[in-house]
Number of protein chains: 2
Amino acid sequence: MQLGLSFSDSDVSSFTPLVVLELADDTKAEAITWLLNRIRDKQQNGGAELLVNQLLFPAQDDQKSNPNVFVVGSTLQRLLNGAEDVGLFKEFQDGTMRGFTYANRESFKDFNGDGEGFLSDAECQYIIKHGLDTLRAKNEQHVPGYPKLKLYPGKSVVRRLQSKGVLIQYFPLHNKEDLKRLSFSWYKKFKLSFQPLDDIRHYFGEGLALYFGFLEYFTFALVPMALIGIPYYLFDWEDYDKYVLFAVFNLVWSTVFLEVWKRCSATLAYGWGTLSRKKAFEEPRAGFHGALGFNPVTGREEPVYPSSKRQLRIYLVSVPFVLLCLYLSFYVMMVYFDMEFWAINTYHENPNIATSILLFVPSIIYAVVIEIMNLLYRCAAEFLTDWENHRLESSFQNHLVLKVLVFNFVNCFASLFYIAFVMQNMVLLRQSLATLLITSQILNQVMEAFLPYWLQRRRNKKVHKRMRRLMGDKELPLLGQVQLETEMNTYLGTFDDYLEQFLLFGYVSLFSCVYPLAAVLVVLNNITEVYSDAFKMCHVFKRPFSEPAANIGVWQLAFETMSIIAVVTNCALIGLSPQVKAYFPESDTQLILIVVAIEHVLLAFKFILAFVIPDVPKHIQVKLAKLDFDSLEALKKRVSTHLHMCTYLLHENRKCDSLSGSTSVQIVI
Amino acid sequence: MQLGLSFSDSDVSSFTPLVVLELADDTKAEAITWLLNRIRDKQQNGGAELLVNQLLFPAQDDQKSNPNVFVVGSTLQRLLNGAEDVGLFKEFQDGTMRGFTYANRESFKDFNGDGEGFLSDAECQYIIKHGLDTLRAKNEQHVPGYPKLKLYPGKSVVRRLQSKGVLIQYFPLHNKEDLKRLSFSWYKKFKLSFQPLDDIRHYFGEGLALYFGFLEYFTFALVPMALIGIPYYLFDWEDYDKYVLFAVFNLVWSTVFLEVWKRCSATLAYGWGTLSRKKAFEEPRAGFHGALGFNPVTGREEPVYPSSKRQLRIYLVSVPFVLLCLYLSFYVMMVYFDMEFWAINTYHENPNIATSILLFVPSIIYAVVIEIMNLLYRCAAEFLTDWENHRLESSFQNHLVLKVLVFNFVNCFASLFYIAFVMQNMVLLRQSLATLLITSQILNQVMEAFLPYWLQRRRNKKVHKRMRRLMGDKELPLLGQVQLETEMNTYLGTFDDYLEQFLLFGYVSLFSCVYPLAAVLVVLNNITEVYSDAFKMCHVFKRPFSEPAANIGVWQLAFETMSIIAVVTNCALIGLSPQVKAYFPESDTQLILIVVAIEHVLLAFKFILAFVIPDVPKHIQVKLAKLDFDSLEALKKRVSTHLHMCTYLLHENRKCDSLSGSTSVQIVI
């Protein structure tokens, strides 16, 4: 892609812009100069060695465009070195995945000539992001022009600028050509096929590709359940013998489903090079604060915050707060049921149009209140998790996920549990389940994709109009693209998408033996979900930075927990069914004992199954072992080669002696 | 230790003998010569580069001593190189544990002069064992003199000789000085103190030290339970309110106990350098057979056995066999109870001396039958697991442990379960529990330590007499020691010791709320167990090769499973108690539901607790992270140093160019 506009700096030839950096429009000039110099400076001087240029808008722009927008690119050499720095795994000539090293570049598959095209766009952008993130302060006391933006040696410059609002955002640019190709093969051709996961991974990175892989896998896994569920609906099978069969099938299915997914995900992650990739040392997150001290691991100066204090905050404030919110949620639910009873009674006492409308009021109010509560709670959870002051982004995310998960679970399922086990009204349960599933699906699709798309289209039109007015017929594709993408919404990660799937999984597995049609609805939902999610990633949101991921992380645990709860609820539902009760006419005691015994056997069976099925398929295990073995062998060889070399140098060439001697120690360290 | 006897070879100066190698006494001379040459040969020629000499017995020996006994030792240099080969971790100057490398030897703590005393005896013997085990066939088609002992390139010579019975055994020698010191500090001084775990580890290796660490930890952890249990016994507290309290305490205790043990074991293993030690590539076990093929990991020729066949053998033969045995065990138990009832009825019908003796007959018969069944089953399990043809010793062990564990569990606890939940006779349960605990303890101590000790002493006396007759007053300490130790029993690993602790843990945790005194008995047992086990290791058995272990492996899982079962049984016992039943006079249903609910809450609480408590203590986590970080940094530095070196060599010294060029690739691989 050639740039069609002038840069403020002319000493750098034009380059492919990959990342956009937006500073606040009132940023002081000296800070900008300093930052640009640091970004351009050589790596051995502590710079990022990247190419960066200001994006200049035509002077006749009447709307106030932010002048401090920069595009960042990189030379190929820098990218290849960076690939080694970030520990990228690429396919080796022998088909295994190995850590890329610049010295061995020729031995990697698909490395031709100077390496053009060897790294995907997403990888290049990830390397640039890593370069920017690890740009560290040297001896600066503060950011030039901002005496209050304190720096200390080793502090990440970008994170400090970001946490203080000088750096508004930085994001990767879309590649229009690739995007067109991807979106065609992904959702535009109307035939049933698997998603192009490898292409998605190439364009958006492993984290997102794994989400879409999971979505697809989950949907396919539901198909047998849906197929079994349809006759239940069509032929109105009301006898619980068949429901019992369905429930047992469901339990085995949910365990096998999750175990097999682990294997699938390992296979995918291996092929993408993230399975055996060593996690780089994680930097403290932008918001982390504390007294300046020394990191015991790196020995570097950085903020230190005692973990005992964090534990206190978690256990004395966050946990009680979450429990209080859960209590509140229960309370609201009870009020809803009271209102419901009152409405029904009113209707029965005096059936007319007004009271029949009244019947719907409690449900509507409850739905609205739940949505508001979810929103408020989400804000509170984010605030609290931030306040807990986690050092790492990953642990921040885990704590946030856990908080939100628990609350959403209770909010979504509490009323169903109440209907099932306190009211023991299976007909009402089935109705509520169907209503909840269908409404939440429609709401989700609208809120997630169509509303943002509509807003985005309006914005697009405005930008296009303005551009046309500004440039006339001049083609300024980059300028327009940056303008457009800067104003797009930011994709906040896969959190909400996984949460939705998690709740759907709950609907399917928790009460499936009462409402076998749930699986059909979820399959239908997920087919549209693939399309709307794909569309939203390609056209509604800014391109996200790729996120290397080896598995779906905390969500695996969440799904497994749900499947354990499902065993309990399904057993209890079977125990409650009148048909099963009819077998034990004399006493409930025996029935309950048998149900509990079956439940324990099923749980034990579940754990044994999870234990027996290996998490990583055999052929991947062999490849991983081979990698380990080879690196051990190489280590041995290196030591002996090294010894030979030293001996050789010592004997043959005294001149090299001192040099190789000093090097040798460093090599062996 | 200087050798006081002549060797058959005089070209090697005397050395410290560390390992004894015993070949069959009819081994052909050419095979012996070949084996010794291979053991002595330089490593670069594929030998083991160890020192080995035949132990010659005086000619006047009238008893036929095996002439083919050899002692193996090593030079210090070889041991230090071997320490690097086996991946030993030692304490670095900065207090962290790092992989030992010969090049960096000076930077390790306690490395003085030429490194004498840097490696412990057990480590030296482990290195020699590794050297012997990895002595591989080169181009030999078979062992010289034995056309039927086929070899192929890469086959471990020692394993082939062992599997065909030519090599009878090889074992490490005791070090009498160290042993005296160790046994004094371990069990001879009669004051209460912790065991000298570090010394045990130095002498016997990490695997055994971890067992003794676990034994000590388990005993200390039981002390609070024992203290709480005593008043229950003394004051005859029969009200179940207090038992409920005790049971809840017990549940929390058993979870916390196991979680904290993980942390303790991580701390111990870190200090011993086994926690972060990379597992060496595991060789196929001696008995493994299959068609010759290529190992997909190493690419070496070795027997290959399809894992699908093994799975078939496991699931179609072993699993049904185990289930059948379990059924048989139940059946025997039912017969026992029938006999018991019959005996009691006979006594009640006609109470006299003969019938009162008859009362004891069923118990005695049952106890004897159980012992016989355990023995038979153990043999069958070993045969079956061997027949399953596992490639690795570790997976063989795991499958064997699992088989034996399940059967022993059922054999020991089935009758208690029957009494508790079918007969619901709590008084009988308490009696049986006490009887089982006390008799099994006494039996164990006798069978484990005193009987072997008595046999050993008889053998010792015989050997001493013979030696005195042979040598007169000549001092031949090594010859006598080797003679003695060759005939000592072989310690078969920690399996039986852990199994005993596992069953004791079962007695304490499963039915503790009925018989709180169990903890007291187990504490008393374990105090004597420490002494008898220590004694048996030092004086009854051959010294075992040290076994590097980072944790107690499959036993952690076994104990955790037991603690989960304990939650279920304790809740059920509480539900059965008449005092609790009295609270729900109108119906059992409500009681059962409440008990089940409490059980589920407790189980959930248990899992959350296990999840929340980190498995590795913070300070060890930091040290491990530091190690990772340092090796990443060193890698970066190495690459850049290497690049600098190449540039330097290219520019400064054209002569070195081709050399450093070719080396560089190998270094980076």
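All values derive from a computational prediction rather than experimental measurement. Just the heavy atoms: all of them, side chains too, but no hydrogens, waters or symmetry mates, feed the values below. Residue numbering restarts at 1 for every chain, and letters A, B, ... go by the order of the sequence lines.
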Does any backbone or side-chain atom of [X] lie under 4.5 Å from a heavy atom of chain A? Answer side chain, backbone, both or neither.
{"X": "B:Leu624", "result": "neither"}
{"X": "B:Tyr102", "result": "neither"}
{"X": "B:Val622", "result": "both"}
{"X": "B:Leu557", "result": "side chain"}
{"X": "B:Val612", "result": "side chain"}

Taking only residues two or more places apart in sequence or in another chain, which ones pass ring pair (Phe, Tyr, Trp, His ring centres under 6.0 Å) with A:Phe89?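 Checked A:Phe89 against ring pair (Phe, Tyr, Trp, His ring centres under 6.0 Å); zero matches.
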Parallel under 30°, tilted from 30 to 60°, perpendicular over 60°: which one fits the rings of A:Phe417 and A:Phe409?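 Aromatic pair A:Phe417/A:Phe409 classed tilted.
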Output the option from A:Lys623, A:Gln621, A:Glu599, A:Lys618 having the highest count of non-hydrogen pairs under 4.5 Å with chain B.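 The candidate making the most pairs under 4.5 Å is A:Glu599.
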Nearest heavy-atom pair of B:His600 and A:His600: which atoms, and what distance?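 Shortest heavy-atom contact: CE1-CE1, 4.5 Å.
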B:Lys606 to B:Ser563 - nearest heavy-atom pair and separation: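 It is NZ-OG, 2.8 Å.
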Which residues pass the side-chain hydrogen bond (donor to acceptor under 3.5 Å, both in side chains) test with A:Arg136, sequence neighbours left out?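 Checked A:Arg136 against side-chain hydrogen bond (donor to acceptor under 3.5 Å, both in side chains); matches are A:Glu283.
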